[in-house]
Amino acid sequence: MQLVRPSSVEEAVAALRGGAVALGGGTDLVPLLRDRIVEAETLVELHAAVPRGVRRCTPTSTSPSPSSARFWIGAGTPLAVLEAEPEIPTTLREACRLAASPQLRAMGTIGGNLLQATRCWYWRLKFPCWLHGGETCDAKEGQHREHAIFGNERCASAHPSDPAAALLALGARIRTDRRDLPLAELYRLPTDDDRSMTTLEPGELILELELPAAESSIYVKAMDRQRWAFALVGVAAARVGGETRIALAGVAPVPWLVSSPEELEQATPLPGTAYKLEIARALVQRALAQL
Amino acid sequence: MARLIRTEKEVEGRYEEVWTVVEEDALDQWPAGPLEVVGQPAQRQDGLQRARGEARYTADVRLPGMLHAAVLRSGVARADARAIDVLPALELPGVQAALSCEEVDFLDAEAGYPGAAVAAVAADTIEQARAGVEAIAVEWDESEPLLDPDEAIARGQLVSESSSYERGDLEAALAGADVVVEAEYRTQSVLHNSMETHQAVCHWEGDTLVVHISTQYIWGVRDELAEKLGLRPDDVRVVCEFMGGGFGAKNGAGDYSLIAAELSRRTGRPVRCALTRREENLAAGNRNATIQRLRAGARSDGTIVGLGGEFVNAVGWSGWLAGTDGPMQMLYGVDNVATMLRGAKLNSAPMAAFRAPGFVEGTFGLECLLDELGGKLGIDPLELRRRNHADADVLDGRPYSSKSLLECYRRAEPHWDRRHEVRARSDETWKHGVGLASQVWYGGGGPPSYAWVRVGSDGSMTVVTAMQDIGTGSRTAMAQIAAEELGVSLAQVRVELGDSARGPFASISAGSSTIPSMGPAVRSAAGDARRQILELAAQRWQKEQRTLSLKGGRIVCSDGGSWPLESLLGLLEDAQILGMGARGPNPTGMRVLTFGVQVAEVAVDVGTGEIRVGRIAAIHDVGRIINPLGARSQVEGGIIQALGHTLSEHRLLDPRTGTVLTQTLDAYKLPTIADVPEIVCEFVDEPDSHLTNLGAKGLGEPPIIPTAAAIANAIRDATGADVRSLPIDREEMLRALAALARAKERSGDRVAARPA
């Protein structure tokens, strides 16, 4: 395996042509490579190429509320920086703080975090499941206590990212080397024809995030232990420009927006995930009460 | 003088009658309470070595020319390896040797669980060995796995003969009881996950096989390898100086040491066979799941008249019947008890002993049942336990060698009294409560075990014994015992252990037996050295030996004279004083057991099912405490391990294929430091006057036993919900709360429907 270390975005994008794999903090990619779930002949180390850091920025024309302050975050920024950043909205800061362990947060970048693969044990153990191109979802038939309650018709995997839910609730946008899009449009539910979870094109690279300051925001998370566990249910809620948005982690194959608490009743839990819906109801109610 | 006696030997609760050679134990016990060194908190002698990374574990052993072995394991739960071709592996770069179940009898072609080893490859690097394993061609003949324990019992698929026990007449007792409760409890399978995975490095020095291995039983490994490889026991040398945890899973030699030994024999080079974390969680043992269908009956005054239990241990492909029925038989003075214990043979990995095997599981069921009974009777849980205290052993009426459970209860009172204040913290969301549970376990140790003490002219004192310190601080405790006996400071004593070629036989470190088995042997050896020192002192200063003693590094005479120890030892030059000691017999006709009680404080978020354990008070009775600091560390470790068992750890299997889904530590959730509650730790610290020259029992296992039930009982106290299944994760907690709500609704309906 070859490692290339570009020092500019242009070099990185060029290096990513032809099937090379982008390496951020490596906290998810390295285990996937080791398990040969991801195969790569070339890794492109993004450290010196992709921007890092947080700053206030001027509103853009695409902002939902052009008058309010906005934040720019480099996609290479580690979660450990964001959890200690007093200016950014609480929901993002808390989502970062409650993710993983200090070591993982020191390495893991926000851009990489948005693209984390599911923790579904069948997928990780390389069962020939639907997401790996097979016929059926093994989790639906089998052990699925950590799995999805929404969007689980084909694949019951749960998206593991806490910050993604926070950024979704904030209405964040991302900029790649070729376009600018709302975060919500980064994710897609996989279909029989195309089983990818994101709309990124081959070799497309996330460079920056932009998000509004929130009037109020919160992130609450239910885990199997107090720290260092993926969300059974994570709830992000944010009030931006007078509008309140709720997004959930760990409940669907992709980070999941719900327009209102009532929308939770449209969930399609599996026998072993019904308890997650109960948790989601309680946490959404509490998050909204505390906004 | 050595004697040949017929005695009962106990390991992990299993008794057998054996002929044993024992030495008389001539020393009187020390007075109770903290002494000069024994009973004083002592930091680990090897603490700095460990912290600095200087301690050499098996995982650190790298010998010149060493090869690495990788193991081919079955990927499915039930399959026969019809034909195995290792030749493709041998053609790969770096591969030096391969073996399979077709040629060695310690590997089995009938692979009865996922992860069963069928072949192995040794290569220059571990990557080459793994590539070799992948190249081995196997013709698998798969069949449908059996995974449901009840189904296995129904089909008569048992690992061994079922075990039934009866005293009195249970059915008559329950028929005459004022209150009867009946409930089904379940415990899950959990994984040991020692920091150091199972591993061995083997090499041959002439005809001698040298084995570096992470083990709880140096001498057991020696004998097992000798037998299986056709060697004389003394042609196997076993070394384990430092060890990264075992918890019961490293009592035997394991197939990995046989693989390393055989591949080393074939290649003439050292071979390392180390399990990866995933292999560790597939095929290195586990605490088996249990199903417990229990009944209890009591009179309205709280006297328990009968206890009954049908227990199923989901043992796995092989293993033994851990005593899930033990607590029900032994903990309370109940006249009518009937238990039946069955072991389901399943296509899942074999169980292994795991810190108080059986008793952890059985105590969860029994002690939850007791609180359910207390609830119906309207009797306080602590009072209910007092009223049913067993004053003499309930199995056969023999006296206990010592028992201070009532003293434990007395000391539990201030912790138990906190429940009013704790409950008062409850609000709409968080419900607070307190629960307790008692514990009984073995932990008396036994003979044989030996130690030597070497005293040189430089004044150094070295304890030599081929025991292992499995990470519990045994090395330091042994040094304390020798220092006390020799009247010197702890710093003057070194302990050499961990090598079967460099010391006498020492017992297994399992069944809470290291302190009670090894400690008396070490004291006896130190006592022999002391006697010889005083013999020489009597000659040097023309005193009667009986007037002399060792204290504070000096030879002290009862007439008031005293001389520094080095003024005598300096005369030795190259001569040495060699003290020899042996573990004496256990008291005949007595039951040696350990007892304790724990009080847990919890808070339950009734909206999300989150459980937070705020505080656990542990009061244990294990005889004399040698090192209060080490003992406290044992209690903390036991409680934290219990916390994982109670709340978050669960070996999950795919229900169709039997694949272990939780092979990695992100999926298998051990507690983190953020989960650890305040732990308050107390010991009765009263020597067992009948047990050895120390009066000390073992503490490795007692603290993990009552925790799960104490927490479950606290949850019931906080919420009213009955949690009967481990782990009590969010799903189980919310299920129990919903069941409670439905029950309340039904009783509400009945009340509403009642005519006015």
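Model, not experiment: these values are computed from the prediction. Every chain is numbered from 1, with letters handed out A, B, ... down the list of sequences.
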Self-check item: Interface moiety of B:Val606 toward chain A, non-hydrogen atoms closer than 4.5 Å
Solution: neither

Report every donor-acceptor pair between chain A and chain B with a separation under 3.5 Å, backbone and side chains included.
{"from": "A:Asp35", "atom 1": "OD1", "to": "B:Arg278", "atom 2": "NH1", "distance (Å)": "3.2"}
{"from": "A:Asp35", "atom 1": "OD1", "to": "B:Arg278", "atom 2": "NH2", "distance (Å)": "3.3"}
{"from": "A:Asp35", "atom 1": "OD2", "to": "B:Arg278", "atom 2": "NH1", "distance (Å)": "3.4"}
{"from": "A:Asp35", "atom 1": "OD2", "to": "B:Arg278", "atom 2": "NH2", "distance (Å)": "3.1"}
{"from": "A:Arg36", "atom 1": "NH2", "to": "B:Glu134", "atom 2": "OE2", "distance (Å)": "2.6"}
{"from": "A:Arg119", "atom 1": "NE", "to": "B:Asp666", "atom 2": "OD2", "distance (Å)": "3.3"}
{"from": "A:Arg119", "atom 1": "NH2", "to": "B:Asp666", "atom 2": "OD2", "distance (Å)": "2.4"}
{"from": "A:Tyr122", "atom 1": "OH", "to": "B:Asp654", "atom 2": "OD1", "distance (Å)": "2.6"}
{"from": "A:Asp138", "atom 1": "O", "to": "B:Arg656", "atom 2": "NH2", "distance (Å)": "3.3"}
{"from": "A:Arg145", "atom 1": "NH2", "to": "B:Asp729", "atom 2": "OD2", "distance (Å)": "3.3"}
{"from": "A:Glu146", "atom 1": "OE2", "to": "B:Lys669", "atom 2": "NZ", "distance (Å)": "2.5"}
{"from": "A:Met223", "atom 1": "O", "to": "B:Arg730", "atom 2": "NE", "distance (Å)": "3.3"}
{"from": "A:Met223", "atom 1": "O", "to": "B:Arg730", "atom 2": "NH2", "distance (Å)": "3.1"}
{"from": "A:Asp224", "atom 1": "OD2", "to": "B:Lys669", "atom 2": "NZ", "distance (Å)": "3.1"}
{"from": "A:Arg225", "atom 1": "NH1", "to": "B:Leu670", "atom 2": "O", "distance (Å)": "2.5"}
{"from": "A:Gln226", "atom 1": "N", "to": "B:Asp675", "atom 2": "OD1", "distance (Å)": "2.8"}
{"from": "A:Gln226", "atom 1": "NE2", "to": "B:Glu610", "atom 2": "OE2", "distance (Å)": "3.1"}
{"from": "A:Arg286", "atom 1": "NH1", "to": "B:Asp605", "atom 2": "OD2", "distance (Å)": "2.6"}
{"from": "A:Arg286", "atom 1": "NH2", "to": "B:Asp605", "atom 2": "OD1", "distance (Å)": "2.7"}
{"from": "A:Arg286", "atom 1": "NH2", "to": "B:Asp605", "atom 2": "OD2", "distance (Å)": "3.4"}

Quiz item: What pair of heavy atoms forms the shortest contact from A:Ala282 to B:Gly607, and how long is it?
Solution: CB-O, 3.6 Å

Exercise. Give a yes or no on this: more than 12 heavy atoms of other residues, nucleotides or ligands lie within 6.0 Å of atom CD of A:Glu135.
Key: no

Exercise. Look at B:Ile611, B:Leu670, B:Leu661 and state which one has the largest set of heavy-atom pairs under 4.5 Å with chain A.
Key: B:Leu661

Self-check item: Among the listed options B:Leu652, B:Leu653, B:Ile673, the residue most often paired with chain A at heavy-atom distances under 4.5 Å
Solution: B:Leu652

Self-check item: Sequence-distant partners of A:Glu39, side chain to side chain donor-acceptor pair (under 3.5 Å), two or more places apart
Solution: none

